2 protein chains.
Amino acid sequence: MLNLDQLAAFVSVIDLGSFTAAAEKAGLTQPAVSLQVKLLEQRLGVRLIERVGRRAQPSPAGLELLEHARRILEGCATAEEAMAPYREGAIGRVRIGSGGTASIHLLPRAIAAAKKRMPGLEIIVRIGNTDDILRDIEANRLDLAVVTLPASGRSLEIEPFYHDELLAVAPKGSSMPTAGPDAEFMRDKTLMLYEGGNTRRATDNWFMAAGIRAEPAMEFGSVEAIKELVAAGIGWSILPSMAVNGGSSAVLTTSPVRPRLVRELGMAMRRDKHLTKGLREVIRCLREV
Amino acid sequence: MLNLDQLAAFVSVIDLGSFTAAAEKAGLTQPAVSLQVKLLEQRLGVRLIERVGRRAQPSPAGLELLEHARRILEGCATAEEAMAPYREGAIGRVRIGSGGTASIHLLPRAIAAAKKRMPGLEIIVRIGNTDDILRDIEANRLDLAVVTLPASGRSLEIEPFYHDELLAVAPKGSSMPTAGPDAEFMRDKTLMLYEGGNTRRATDNWFMAAGIRAEPAMEFGSVEAIKELVAAGIGWSILPSMAVNGGSSAVLTTSPVRPRLVRELGMAMRRDKHLTKGLREVIRCLREV
DNA sequence: TCAAAAGAATTCCTTATGCATTGCATAGGA
DNA sequence: TCCTATGCAATGCATAAGGAATTCTTTTGA
């Protein structure tokens, strides 16, 4: 393999016309530079510098190598410069996987905060179900997951960071028990439940605890669609508070259920994940939400 | 100053997806490669490889460095190669790719002529199909290709240099129309055609022009094999004249077909190929064939 | 001003070892 | 029966220490 120090020494000698001068510039002694050039010549099997009289001039081969060498050295400089933004943290990429609800109502805030601190940060959000996302985390196709707990995986590290209460949601003006509706109360309603993995499981368990089996009239994969349906008076639902705490109070009536029902969101990463500046920033912003 | 060994180690690890594999390929131990990459990362102040579980993947920064590194390493290879013609003693080496027929009947003459002028010239011939050879030309694994035209490639320069007529070939003593056999005449014969890319295509077109679809009884990848079969009286064929103009007139009857059918051979090189003395010589001898 | 030789310093590689992840096997629970 | 959990062997990378090789400096000569 060629050696960049040797190439640089060679170029410098030609440019300055002297081994001694090149040595001085490089902070070395003259014999060191002589040796570098000599080794390069040996390596290529070609005489590169004609030591004639006082000035060091390139041989024909040296002349041609000069062009190549300059290009190579310039390429190295360019490469080094290209790395600087990454070092400063001015550039980076964080790939986040998340369920649909969090993507809409929770991530944007965190992402906005992170972007404010690191404007060059590139953030990619992939929406999917928990299993797929965790698989991508394990395969390092994603850097960070935001999922509803519980979640497991031997190579994963999971950090709960947000409690989100599930609320009973009814059309505007519906009568709601003051202590909050319980399972008994809800069973008579036309129920539309969100067909998300852990969120749905939590809901089922809540009914189950009261000895009731949840029998939703409809199941939807989209919280937003359910909100529309409830607002239209089709029926009731139980939805994450983060999804209904926006401007929807004008068309929906919400209340905590009895006993209260909370789902926990967590961040998941590979245990051995290397924390880049950008990733660290995003995690910090998520914790602060 | 950056270090080419480190860059090469880094690229190799990414390409092979493993430190251990890269080490093996480089004839080193795994810790050596780990160290190379680590030093490179320290030097640039950036994480380059995500050691995720069992696989090694490039980080965003690594991905960008990868492009630079490849360019730099290729530049080094080019530079080294450019020095070869200046090297004393070794006159050079020319790597030629060619189809089977040309390799047997055309190249030897040209090579002999070149060797006569430059006795020290080292010549390597690789036989293969046009696609593979052109790919090797583009990748600079070959210096010069001799292929049947048409051939194309963005980075290739192609120079036609030889017209080779395709002849009808029959067992010795077969009656041949004086004006030469046409497609109509040939269709009744037991046909054995050479299964080469452009040569075969030219033959098909010749039949097609007469409104006849070539229906060979057999197809062979070897012209020599077909000659044997024709000589044994199995059937007729249409073969490059260069393949049957040798000592085969004792066992074969040949004739130009009507209308005449000619295939064109060309030389192909990378457009930016540096012409060494040896390469120039070989090209000259090929033109003179 | 450059080249050559000998000793010194540094770099780089190898061996040995530890830690983490992974895949498979076996056992337990819904 | 299927899914989940736990233990074990295997694999791959990181680290540390010793040693080989390279590369530098000093000195001297042309």
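All values below were derived from every heavy atom in this structure, side-chain atoms included, with hydrogens, water molecules and symmetry-related copies excluded. Please read these numbers as outputs of a predicted model, since none were measured by experiment. Here is how names work: the chains are called A, B, and so on, in the same order as the sequence lines, proteins then strands, and each is numbered from 1.
- For B/Asn3 and C/dT11, the shortest distance from a side-chain N or O to OP1 or OP2 is not below 4.0 Å.
- At a threshold of 4.0 Å, the pair B/Asp136-B/Arg126 counts as salt-bridged, since one of the basic side-chain nitrogens sits closer than that to a carboxylate oxygen.
- Screening A/Val94, A/Ile111, A/Leu144 for a side chain to side chain contact (heavy atoms under 4.5 Å, CB included) involving A/Val125 leaves a single residue, A/Ile111.
- If you take CZ of A/Arg271 and C1' of C/dC19, they are 13 Å apart, rounded to a whole angstrom.
- Across its full length, the helix from C/dT1-D/dA30 to C/dA30-D/dT1 shows an angle of 50° between the axes of its 5 terminal pairs at either end, rounded to 10 degrees.
- Distance, A/Gln6 CD to D/dT23 C1': 10 Å, rounded to whole Å.
- Protein atom CG of B/Leu39 is 16 Å distant from nucleotide atom P of C/dT10, rounded to whole Å.
- Judged by distance alone, with hydrogens and angles left aside, the side-chain atoms of A/Trp206 form no donor-acceptor pair with the main-chain N or O of A/Arg201 at under 3.5 Å.
- Taking atom CE on B/Met1 and atom P on D/dT23, their separation rounds to 14 Å, with Å as the unit.
- Mapping A/Val13 and B/Leu28 onto DNA chain C via the closest heavy atom, the residue that lands nearer the 5' end is A/Val13.
- Ion pairing of A/Glu165 with A/Arg263 is absent here, as no side-chain N (NZ or NE/NH1/NH2) approaches a carboxylate O to less than 4.0 Å.
- Enclosure of atom NZ in A/Lys38 is not indicated, since only 12 or fewer non-hydrogen atoms of other residues, nucleotides or ligands lie within 6.0 angstrom.
- Electrostatic pairing of A/Lys227 and A/Glu224 counts as a salt bridge here, judged by a charged N lying under 4.0 Å from a carboxylate O.
- At the phosphate of C/dA20, neither OP1 nor OP2 sits under 4.0 Å from any side-chain N or O atom of A/Ser155.
- Counting non-hydrogen atoms of other residues, nucleotides and ligands closer than 6.0 Å to CZ of A/Arg271 gives a total above 12.
- Taking atom NE2 on A/His274 and atom C1' on C/dT21, their separation rounds to 19 Å, with Å as the unit.
- A salt bridge links B/Arg135 with B/Asp132: the distance from a Lys NZ or Arg NE/NH1/NH2 to an Asp or Glu carboxylate oxygen falls below 4.0 Å.
- Atom P of nucleotide C/dT22 and atom CD1 of A/Ile137 are separated by 13 Å, given to the nearest angstrom.
- At the phosphate of C/dT22, OP1 or OP2 sits under 4.0 Å from a side-chain N or O atom of A/Arg270.
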Pairwise N/O distances under 3.5 Å, protein to nucleotides 5-7 of chain D:
residue, atom, partner, partner atom, Å
D/dG7, O6, A/Arg154, NH1, 3.3

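- What separates CZ of A/Arg43 from C1' of D/dT23 is a distance of 17 Å, to the nearest Å.
- Judged by distance alone, the side chain of A/Glu24 and the main-chain N or O of A/Gln30 form no donor-acceptor pair under 3.5 Å.
- A salt bridge does not link A/Glu157 to A/Arg270: none of the charged nitrogens lies less than 4.0 Å from a carboxylate oxygen.
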Which atom pairs link the protein and nucleotides 12-16 of chain D when you take only N or O atoms and keep those under 3.5 Å?
residue, atom, partner, partner atom, Å
D/dC13, OP1, B/Phe19, N, 2.7
D/dC13, OP2, B/Thr20, N, 3.0
D/dC13, OP2, B/Thr20, OG1, 2.2
D/dA14, OP1, B/Arg51, NE, 2.4
D/dA14, OP1, B/Arg51, NH2, 3.1
D/dA14, OP2, B/Ser34, OG, 2.5
D/dA14, N7, B/Gln30, NE2, 3.2
D/dT15, OP2, B/Lys38, NZ, 3.1

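- Taking a cutoff of 4.0 Å between a charged side-chain nitrogen and a carboxylate oxygen, A/Glu74 and A/Arg70 do not qualify as a salt bridge.
- We find that CG of A/Asp5 is positioned 16 Å from P of C/dT10, with the value rounded to whole Å.
- Atom NZ of A/Lys273 sits in a crowded spot, with more than 12 heavy atoms from other residues, nucleotides or ligands closer than 6.0 Å.
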